[in-house]
Amino acid sequence: MRIITGTARGRKLRTLEGNDVRPTTDKVKEAIFSAVQFQIPGAFVLDLFAGSGQLGIEALSRGAAKAVFVDKSKSSINIITENIETAEFQDQSRVVFMDSIDFLKSDTGKYDLVFLDPPYNKGILEQVLPLLEGHLNEGGRVICEHEQRLELPEKIGGMYLKKKYKYGKIEISQFIIDDIQD
């Protein structure tokens, strides 16, 4: 796993080992960042269920101003911290060891871009998406990586489903705040 482009291009990132981990492939990661490339410069990013932190780190490499990484696994937090140091983004990063739903309920931050890659088949996205609306700046986007057969609603509060992308067994859904449909 590596950083695809930007200031930290080519740096290798570590990931956890085991069957419970599914790092985003380079192909899917490139597709995600192609879809949001114009929202990245200067963005405030939230990487929930961060795992290795690769999506938030990629955003920082491409010009995001700050990123918050949230995961409830101590092993993931250790890997995220190591990867942030490898990419030299310590000053732009905040790492939070906490359950993502609890984080959203207590956090007062506003974000331009949110990445969600929760465990599959556990109903987590359906719980998290309604909590995000109050955490998005105008024009904010939410990128959800999930299993292909998961049907997400077209509208959640003030967010609407802008587009879906399919890559084998993985699907990416992009939500955006309703007031600036583009």
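Just so you know, these numbers come straight off a predicted model, no measurement behind them.
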Ignoring hydrogens, what is the shortest heavy-atom contact between Val36 and Gln174? Give both atom names and the distance. CG1-OE1, 4.1 Å
Hey, are the side chains of Ile124 and Phe49 touching, using non-hydrogen atoms and a 4.5 Å cut-off? yes
Distance in Å, Glu126 CD paired with His146 NE2, rounded so as to fall on 0.5 Å steps: 9.5 Å
Can you find a pair of side-chain heavy atoms, one from Pro118 and one from Leu48, that are under 4.5 Å apart? no
Could you tell me which non-hydrogen atom of Gly51 sits nearest to which non-hydrogen atom of Ser76, and how far apart they are? O-CB, 3.3 Å
The single option from Leu129, Asp117, Ile172, Leu150 passing side-chain contact (heavy atoms from CB on, under 4.5 Å) against Cys144: Leu129
Expected output: side-chain Ser93 to main-chain Ala67 donor-acceptor under 3.5 Å: no
Any heavy-atom pair between the side chains of Tyr120 and Glu145 that's under 4.5 Å? yes
Looking at every non-hydrogen atom in both residues, tell me the closest pair between Ser52 and Ile57 and how far apart they are. O-CD1, 4.2 Å
Rounded to the nearest 0.5 Å, what separates atom CG in Leu46 from atom CG in Asp112? 11.0 Å
Residue pairs, two or more places apart or on separate chains, that pass salt bridge (Lys or Arg N to Asp or Glu O under 4.0 Å) and touch residues 57-77: Lys29-Glu58, Glu30-Arg62, Glu58-Arg62
The criterion is salt bridge (charged side-chain N to carboxylate O under 4.0 Å, His left out); which residues satisfy it with Glu88, sequence neighbours excluded? Arg11
For residues Phe69 and Gly56, report the shortest heavy-atom separation together with the two atoms involved. CE2-CA, 3.6 Å
According to a 4.5 Å side-chain heavy-atom criterion applied to Ile, Leu, Val, Met, Phe, Trp and Tyr, with indirect links allowed, do Ile4 and Tyr167 form part of one hydrophobic cluster? no
Polar side-chain atom of Lys162 near backbone of Ser173 as donor-acceptor pair, under 3.5 Å: no
Shortest non-hydrogen pair, Ala8 vs Ser61, comes out as N-OG, 3.0 Å
Could you tell me which residues satisfy ring-ring contact (aromatic ring centres under 6.0 Å, His included) with Phe103, sequence neighbours excluded, listed by chain and number? none
Please round to the nearest 0.5 Å and tell me the distance separating atom OG1 of Thr7 and atom CG of Leu60. 8.0 Å
Minimum heavy-atom distance Tyr160-Ile177, with the two atoms named: CE2-O, 3.9 Å
Step by step, would you call Val68 with Tyr111 a side chain to side chain contact (heavy atoms under 4.5 Å, CB included)? CA-CA 9 Å; Val68 176; Tyr111 304 95; 4.0 Å; yes
Straight-line distance of Leu132 CG to Arg141 CZ, nearest 0.5 Å: 15.0 Å
Under 3.5 Å, is there a donor-acceptor pair between the side chain of Gln148 and the main chain of Gly168? yes
When rounded to the nearest 0.5 angstrom, what is the spacing between CG in Leu161 and CD in Glu154? 5.0 Å
Separation between CD of Glu138 and CD1 of Ile176, rounded to the nearest 0.5 Å: 10.0 Å
Just by distance, do the side chain of Asn83 and the backbone of Leu13 share a donor-acceptor pair under 3.5 Å? no
Okay, side chain of Glu147, backbone of Asn121: is any donor-acceptor separation there less than 3.5 Å? yes
Whether the side chain of His135 engages the backbone of Gly109 through a donor-acceptor N/O pair (distance < 3.5 Å, no angle test) should be reported. yes
Would you check, one step at a time, whether the test side chain to side chain contact (heavy atoms under 4.5 Å, CB included) holds for Leu55 with Val45? CA-CA 9 Å; Leu55 295 176; Val45 175; over 6 Å; no
